[in-house]
Structure formats: structure tokens, C-alpha cells
Amino acid sequence: MARKAAAAKSPAKKETTSKSGSNAPEFSKDEELEAFREMLLVRRFEEKAGQLYGMGLIGGFCHLYIGQEAVVTGITMASRKGEDAQITGYRDHGHMLVMGLDPKGVMAELTGRQGGLSKGKGGSMHMFSNEHRFYGGNGIVGAQVSLGTGLAFAAKYRGEDTVSLTYFGDGAANQGQVYESFNMAKLWSLPVVYVIENNQYAMGTSVARSAATTDLSQRGRSFDIPGEQVDGMDVRQVRDAAERAIEHARSGKGPYILEMLTYRYRGHSMSDPAKYRSKDEVTSMRSERDPIEQVRKRILENDYASEDDLKEIEKEVRAIVTEAADFATNDPEPEASELYTDILQ
Amino acid sequence: MPTDILMPALSPTMEEGTLSKWLVKEGDKVGPGDVLAEIETDKATMEVEAVDEGTIGKIFVAEGTEGVKVNTPIAALIGEDEDPAEVPEPEIGPDEPKESEKPGADEEVAAKSQPTTKSVDAPAAPQFKPADDPDIPDDVEMVTTTVREALRDAMAEEMRADGDVFVMGEEVAEYQGAYKVTQGLLQEFGAERVIDTPITEHGFAGLGVGAAFAGLKPIVEFMTWNFGMQAIDQIINSAAKQLYMSGGQVKAPIVFRGPNGAAARVGAQHSQDYSAWYSHVPGLIVIAPYTAADAKGLLKAAIRNPNPVIFLENEILYGSSGDVPKMDDFVLPIGKARVARKGKDVTIVSYSIGMRYATQATEKLVAAGVDVELIDLRTLRPMDIDTVVESVKKTGRCVTVEEGWPQGSIGSEISARLMEKAFDYLDAPVTRVTGKDVPMPYAANLEKLALPNVDEVIAAVNAVTYRS
Ligand SMILES: Cc1ncc(C[n+]2csc(CCOP(=O)(O)OP(=O)(O)O)c2C)c(N)n1
Ligand SMILES: [Mg+2]
């Protein structure tokens with residue numbers, strides 16, 4: 001029954017379970033700059049997508065990743081790019097950009113054009129890349145958890161030492177197939193890292209209103225799957241925890257759960273009444289915990305780069321995004337003949 | 001009298017097996033439960049136990065014999081004072097063909113082995129006779145209402161009238177419904193009766209069915225029917241079959257409702273029409289209204305109905321308005337089609353948003369001199385085929401319109417039934433206008449092509465009236 005909404009908890013680490021200590025692991029200069037650049041690309045790309053949506057160039061659902069950039073960036077930094085598989089739900093643009101998929105192809109898919117990653121036939125929620133081992137882009141909440149477990153199954157079956165990075169939301173964490181998957185993953189020691197992107201809300205429902213136990217990192221407990229809560233706004237914490245989790249999975253010890261405490265700044269999709277949280281909550285998260293600002297600050301403090309250098313990076317990122325948007329606006333729609341292709345092989 | 005011990009069947013499909021071992025010999029005394037022999041098929045082994053007390057009088061089938069037919073006597077059990085020497089050989093030897101394998105004997109054996117079957121033929125399915133729409137008094141006030149409001153009003157009225165009715169689903173309470181259909185219900189009825197669930201469709205659908213078994217009348221909202229697919233097992237295996245499986249004892253008075261079919265540009269996994277899927281299933285009632293009045297009157301009927309009801313709404317229709325009579329209790333009959341326009345040249349049959357294409361096409365066709373009869377099915381199961389048949393007897397032509405896929409569609413069903421019931425009246429093939437046989441594409445131009453449209457309806461009518 002309806003429970004009272006608990007005040008949103010801060011996505012700072014919680015002592016109970018986290019191993020990521022308060023003395024965050026240091027990033028080298030190159031790592032800081034890489035993280036800055038990747039996260040900025042996602043941020044600017046998503047802002048542009050929001051604009052194109054407002055102009056009517058993108059339709060249907062469009063779930064932006066703004067605020068959560070550190071999660072996919074840190075995880076991907078800890079992974080083997082192009083070898084480890086990744087799969088997520090419909091909030092998927094950031095994953096693709098950080099994994100190195102072509103921003104033009106992603107944006108053109110958002111506008112439903114023939115140069116889109118799915119030839120315009122998938123849309124925002126349905127993009128994939130065999131080459132980069134990105135398996136979507138899934139619209140049904142929770143479905144990717146079983147699918148990601150299957151990716152891990154394939155790795156083990158073939159004797160490959162790749163890992164499946166399976167992302168899902170706090171809301172998805174209540175779906176039954178999550179637990180069916182946990183059981184099989186542990187039973188068969190499958191190399192999968194479950195990354196719960198806990199942004200505190202599933203549409204308008206806070207975690208406290210939907211979850212009997214709110215420490216989602218412990219949801220694998222009855223299957224003996226280790227889990228930790230991680231400050232998902234700090235890319236260093238994310239990468240550090242991901243390294244532990246991925247090493248665990250890759251070395252044959254089975255699944256691992258990382259609960260990333262993060263936050264989405266924008267609405268669930270483009271239309272969102274936003275009555276379920278206060279403006280203050282969003283503002284304070286943005287001003288105090290922003291993942292990109294944290295990195296920017298450290299870069300400047302450590303003299304890894306100057307303001308001007310960072311501006312230069314900003315410029316480069318903007319150019320990439322502008323190019324993607326131009327392409328996505330001018331690329332033609334798919335040929336009508338595409339209607340009946342790709343149904344069966 | 002000696003009692004024959006027969007070769008048992010290990011499974012309903014077993015026809016023969018190997019008698020692998022005897023654990024008793026002639027002259028042994030046995031009692032109930034004693035293991036007499038072991039038999040084996042390619043799939044399993046089993047021990048043959050004695051059922052009665054007695055002495056093994058004679059063993060007919062030696063151990064190691066393969067291909068022993070089921071029901072062949074393998075030994076005889078005799079009483080205290082019977083003589084083993086007098087035990088007769090069984091009438092059918094193990095290698096002779098059984099009665100059932102002789103030509104022509106099949107029916108007789110079937111009849112014999114199912115003694116309770118009264119007739120070999122299935123009885124005719126009962127015909128559903130829907131009630132007529134209620135009379136709407138001439139002086140009743142008509143209120144312009146959106147489909148969204150009509151649905152909300154229907155739920156609110158039924159919840160006021162019956163404390164066993166409650167609503168549950170994702171975002172139905174505090175958020176006021178993902179598509180605002182449950183607007184205001186939390187405020188009026190409280191959190192005990194308007195319940196936000198976690199994202200666990202299979203779980204809360206099953207929970208709802210269980211609550212219905214126990215006598216409550218849940219209204220389970222699926223944010224969209226695309227997500228109801230997570231729950232389809234509970235809907236079909238638990239809700240639809242329960243009354244039958246329990247011999248009429250346990251009811252499942254539950255309504256599953258939510259938007260069905262394509263919205264706009266939401267892609268393949270979020271744009272699917274489940275009309276034909278659910279209308280396939282005995283034990284379900286399936287309703288798919290088009291107008292606001294039908295939405296209200298039929299949702300009220302659905303909530304009161306003692307059966308599981310699939311209520312298919314449409315996101316695009318939520319905002320469309322229509323006249324709803326202001327009456328104390330406006331309830332419409334389930335299973336009754338609505339003749340939206342009378343005509344004599346061609347029958348167009350549709351439902352839900354298909355009616356939008358059909359209505360617009362009808363306007364154009366009428367302007368061009370074609371006297372269209374337009375039927376809104378409203379309920380898909382039980383289907384009011386009589387109204388369609390009556391119409392086709394008059395027009396001789398029928399076009400169906402729906403958004404779902406063509407194979408196994410509602411149109412396919414209508415076409416088949418018209419073949420059966422109105423074949424002699426048809427002057428042209430029944431023609432279906434449906435969504436294209438593809439997953440829903442995202443691109444705007446492809447999505448448009450994938451959906452049916454007014455021109456396709458007009459073209460189909462022109463074809464069946466040979467005007468093209
Ligand atoms: C099976 C299913 N049920 C419902 C939905 C509708 N829906 C889409 S996203 C969403 C909320 C999911 O929240 P969460 O898992 O926390 O992910 P987030 O959106 O916060 O990234 C819901 C209910 C869906 N897509 N699939
Ligand atoms: Mg969430």
C-alpha cells in the first residue's frame with residue numbers, strides 16, 4: 001500500500017555496505033581529462049537532443065541521461081572497450097556515446113533517419129552495435145537483466161573472459177525476472193556485473209515508495225551475490241568499484257552488484273509533471289554533486305589543464321554534437337522499401 | 001476365479017513395453033503392494049505391484065519379453081483353493097494384435113475406455129445473446145466528456161457503489177495515472193483503494209487475480225498493454241481458465257485495463273495491438289470502445305461483470321470528446337455491437353481507433369454516393385457477429401478496419417464467420433484493412449505507412465463495391 005514518500009536520500013555513499021572509502025581513488029591527469037571529455041560529450045549531446053525534441057525533430061519517448069554521466073563513464077573506463085558487452089534500458093544514449101558509437105548515428109536514430117544506428121527503425125530506445133558489443137536499447141523495464149545474464153552465459157559457454165555489464169534502474173530492480181536472473185547467474189557463476197543506476201525515481205515513484213528494502217546493493221544477498229553502494233556522481237568511485245566488480249566476474253567468481261547512487265536532472269522522459277520532487281532537490285544536486293563539475297574542479301586544482309584548455313575541449317565536444325545534429329536533421333528518412341526489410345533473415 | 005494381472009501403462013501415451021524381470025515365481029503368495037515385476041520402456045522403468053492378495057497361479061509372459069502391449073495379461077493370481085493347473089491361457093496372446101488395432105474397432109474401443117462419455121460429438125457452442133442498449137430518455141442531458149474522463153467517472157462511480165472495487169497499477173495514485181486516467185481517484189478514495197505498485201506487472205497482475213479469487217473486484221491498470229505482456233501468463237493461465245478448471249466454483253472478477261495499440265513514434269516494443277491476442281482466449285471478455293459514452297458504459301459493465309475482462313483503451317483517443325448521457329447509472333451491455341450509421345451498399349466493421357479511420361472514410365464515401373453501414377464492435381469477445389451478419393445480408397459486402405497485424409486478426413475472424421454464416425449473401429470477398437505485417441517502425445514516414453489509413457479503407461470499399 002502507499003507508503004509515505006521518504007525524503008530523497010543523498011547519493012553519497014552509505015557506510016553500511018560500501019567499500020569505496022571516502023578517500024577516493026586518485027585519477028591521473030589523462031584519466032581526469034578522459035572522464036571530463038566523455039561526460040561532457042554525453043551532457044552536450046543530451047542537451048541537444050532535448051532541443052531537437054522541442055523542435056519536433058525527435059518524437060515519442062526520449063529519456064535523457066543528464067546527471068548520470070559518471071556511471072557509464074566510470075564503468076566503461078574499467079571495462080575492456082569493444083570486448084566486454086554492455087546492455088541497458090531505454091535511457092541509453094550515454095552508454096553508446098561513451099562506448100564509442102558514432103554520435104551522428106545515435107542522433108540520426110533519434111530523428112528517425114536512414115543514417116541512424118537502426119536505420120531509423122528503432123528510435124531512441126532501440127539502438128545496438130555488434131561491433132561495440134552494445135546490446136541495447138531495451139524498452140521493457142527489466143528485460144535487459146535476463147538478456148544481460150544471457151550475454152554472460154555466452155561468454156562462459158565459449159570460454160571467453162569477457163564480462164557482461166548489465167545496467168538497470170531502481171524501478172526495474174523490482175521486476176521478477178531480475179531475481180530469476182540473479183539466481184541463475186550465481187548458480188552458474190556467470191561473468192556479469194549488474195549495475196543498478198539508482199537515480200531515486202522510477203518515473204514519479206521514489207525508491208522508498210516502491211521498494212520494501214531500499215539498499216538495492218543487497219538485493220542479491222539471498223543468492224550470495226556480493227554488492228556495494230557507490231557514489232555514482234563521482235566518476236573515480238564508480239571506476240574503482242567497477243574494477244573490483246569486473247575483476248570478480250572475469251576471474252570466474254560469478255556475478256557482482258553495483259548500486260550506483262545517482263540522479264537524473266531532467267524529467268523521466270520529455271513530458272514529466274515533476275510534481276514528485278522539489279525544485280530545490282534538483283537544484284542542490286546539480287550545484288553540489290554534479291559529476292562533471294567535480295572533475296572540472298579537480299583538473300583545475302591539480303593544474304592538469306587550464307580554463308582555456310578546458311574551453312578548448314568544450315569547443316571540440318560542441319563541434320561533434322553540432323555535426324551530429326546537422327547530420328540528423330539533413331539525413332533523409334528511410335526508403336519506404338525499408339518497411340518490410342529486417343523482419344526475418 | 002483367477003484374476004489377470006495386466007501389463008500396466010507408465011504414461012498415457014505408452015503402448016507397449018519390456019517385461020524386464022519377474023520378482024516372483026509361480027506358486028508364490030503375494031499381498032497388496034508386493035512388487036511382482038519390473039517393466040521398462042525407452043523412457044522409464046516401473047515396478048508392478050500386486051493389488052490383491054493371492055497366489056501367483058501362472059506367469060504368461062516370460063521375463064525379458066519385449067513389445068508387451070499395454071493391458072495384456074502377464075500373469076494370473078489365484079485364490080487359496082484354486083488349482084494353478086486349471087488357470088486358462090489368456091484369450092489374447094502377447095503378440096497378437098489388440099482389439100484396438102483391428103480396423104474399424106477404434107471407435108468402439110474409445111467408447112469402451114471412456115465409459116462416462118455420453119456422446120462422441122462435442123455439443124454446439126452456446127450462442128451468446130447480448131442485451132440491447134438501455135433506452136436513453138429523450139430529455140436526458142448530454143455532457144461533452146473526454147474518453148479519459150469517461151473512464152475515470154466509470155471507475156469512480158463503481159468504487160462509490162462497491163467497496164470491493166479498488167484500482168492498482170504503476171503511477172495510478174500519486175502521479176494521477178501515467179496518462180491521467182485515474183486523476184483524482186487517490187484524493188477521493190484514499191491510498192487503501194488506489195494503490196501505486198512497484199514495476200512488477202507479472203506480480204501485481206497475479207496478486208490482483210488472487211484477490212479476485214478471494215472476492216475483491218480489482219481494476220488492474222497496465223501503464224500500457226505492452227507491459228501487460230509481462231503478465232500475460234497470469235491473465236490467461238490464472239484468470240481466464242479459473243472458472244472452468246474449478247468446475248464453476250472460483251470466479252475471477254477482475255478488470256485489466258490500459259492503453260492498447262500504437263501511440264505515436266514510440267517504436268516497436270511500445271506499439272502493439274493486443275485485440276486479437278486476448279480475443280483468442282475463452283474465459284476472457286474483451287472490450288475495446290471508441291466513443292466516450294461506450295468507454296463509460298462498458299467500463300462500468302466490466303467492473304460489475306463476474307469474469308476477467310480485458311479492457312483495451314487507446315492513448316490517442318483519451319483526449320477525444322463525445323456526448324455521455326447524464327444518468328444515475330449508465331451501463332451498456334457487453335457483447336453488443338453499435339451500428340454507428342445505417343446504410344445499404346457496404347458494411348464497414350471496426351472498433352477502437354480503427355473507428356476513426358472508418359468514420360472518416362465513411363464520411364467521404366457517403367459524400368461520393370456510397371451508402372455505408374458502419375458497425376463499431378465495441379466488444380471483441382463475445383463478438384456480436386449477428387449484427388454484422390444481418391448487415392451483410394443487406395449490403396453483400398464487408399470491409400474490416402483495425403490497427404493490429406493481419407494474420408489471425410479480428411478482421412480474419414469476421415471474414416471466417418461471414419463465410420460460415422453469410423456465404424450466400426456475399427457479393428465480394430471480405431476485405432481486411434489492418435496494420436502492416438511488420439513491427440512498428442520509429443521513423444515518421446515508415447510509421448505512417450505501417451498504420452492503416454483512411455485512403456486504404458476507401459480503396460477497400462471501392463474494391464468490394466467494384467467502383468474502382
Ligand atoms: C515492463 C514495463 N513496465 C512499465 C514500463 C513503463 N516505464 C518506462 S520507464 C519506467 C520507470 C523505470 O524506472 P527506473 O527503472 O528507475 O529507470 P529510470 O527511468 O529511472 O532510468 C516505467 C514504469 C515499461 N517500459 N516496461
Ligand atoms: Mg530510476
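A note on names: the letters A, B, ... follow the listed sequences, proteins ahead of strands, and every chain is numbered from 1.
Ranked by heavy-atom pairs under 4.5 Å with chain A, the first of B:K436, B:E447, B:R265 is B:R265. Highest contact tally toward chain A, considering only B:G267, B:A264, B:P441, B:P198, is held by B:P198 [criterion: heavy-atom pairs under 4.5 Å].
The shortest side-chain heavy-atom distance between B:Q176 and A:K275 does not fall under the 4.5 Å cut-off. Put simply, the side chain of B:L446 reaches to within 4.5 Å of the side chain of A:E338, judged on heavy atoms. Contact check for A:Q177 versus B:Q230: side-chain heavy atoms found under the 4.5 Å cut-off.
Between A:R209 and B:D196, the closest heavy-atom pair is NH1-OD2, 2.8 Å. Closest approach of B:I199 to A:A202, counting heavy atoms only: CD1-CB, 3.8 Å. The two residues B:Y175 and A:P273 make their nearest non-hydrogen contact at OH-CD, 3.2 Å. Counting all heavy atoms, side chain and backbone alike, A:G139 lies closest to B:F227 at O-CE2, 4.5 Å. Scanning all heavy atoms of the two residues, the minimum distance from A:G112 to B:A443 falls at O-CB, 3.4 Å.
The OH atom of B:Y442 sits 9.0 Å away from atom CE of A:M125, with the distance rounded to the nearest 0.5 Å. One distance of note links CD of B:E174 with OG1 of A:T205; it measures 7.5 Å at 0.5 Å rounding.
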Stepwise side-chain contact (heavy atoms from CB on, under 4.5 Å) test for B:V438 and A:Y340 = CA-CA 7 Å; B:V438 302; A:Y340 283 105; 3.4 Å; yes
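Contact of A:Y276 with chain B is made through the side chain alone, with heavy-atom distances under 4.5 Å. For B:A444, the parts lying under 4.5 angstrom from a heavy atom of chain A are both the backbone and the side chain. Looking at A:L110, the atoms closer than 4.5 Å to chain B (heavy atoms on both sides) all sit in the backbone: N, CA, C or O. Interface residue A:I140: backbone and side-chain heavy atoms are both found under 4.5 Å from chain B. Proximity to chain A is absent for every atom of B:M229, based on heavy atoms less than 4.5 angstrom apart. Neither the backbone nor the side chain of B:E170 comes within less than 4.5 Å of any heavy atom of chain A. Interface remark: A:T111 contributes backbone atoms only to the contact with chain B (heavy atom separation under 4.5 Å).
Across B:L449, B:N445, B:D437, a single residue satisfies side-chain contact (heavy atoms from CB on, under 4.5 Å) together with A:L339, and that is B:L449.
Ring pair A:H126/B:H270 is tilted by interplanar angle, where 30° to 60° counts as tilted.
Under a 3.5 Å cut-off, the side chain of B:E171 and the backbone N or O of A:G204 do form a donor-acceptor pair.
The neighbour count for B:Q187 CD, taken as heavy atoms of other residues, nucleotides or ligands under 6.0 Å away, is above 12. Surrounding CD of B:E188 are more than 12 heavy atoms belonging to other residues, nucleotides or ligands, all under 6.0 Å away.
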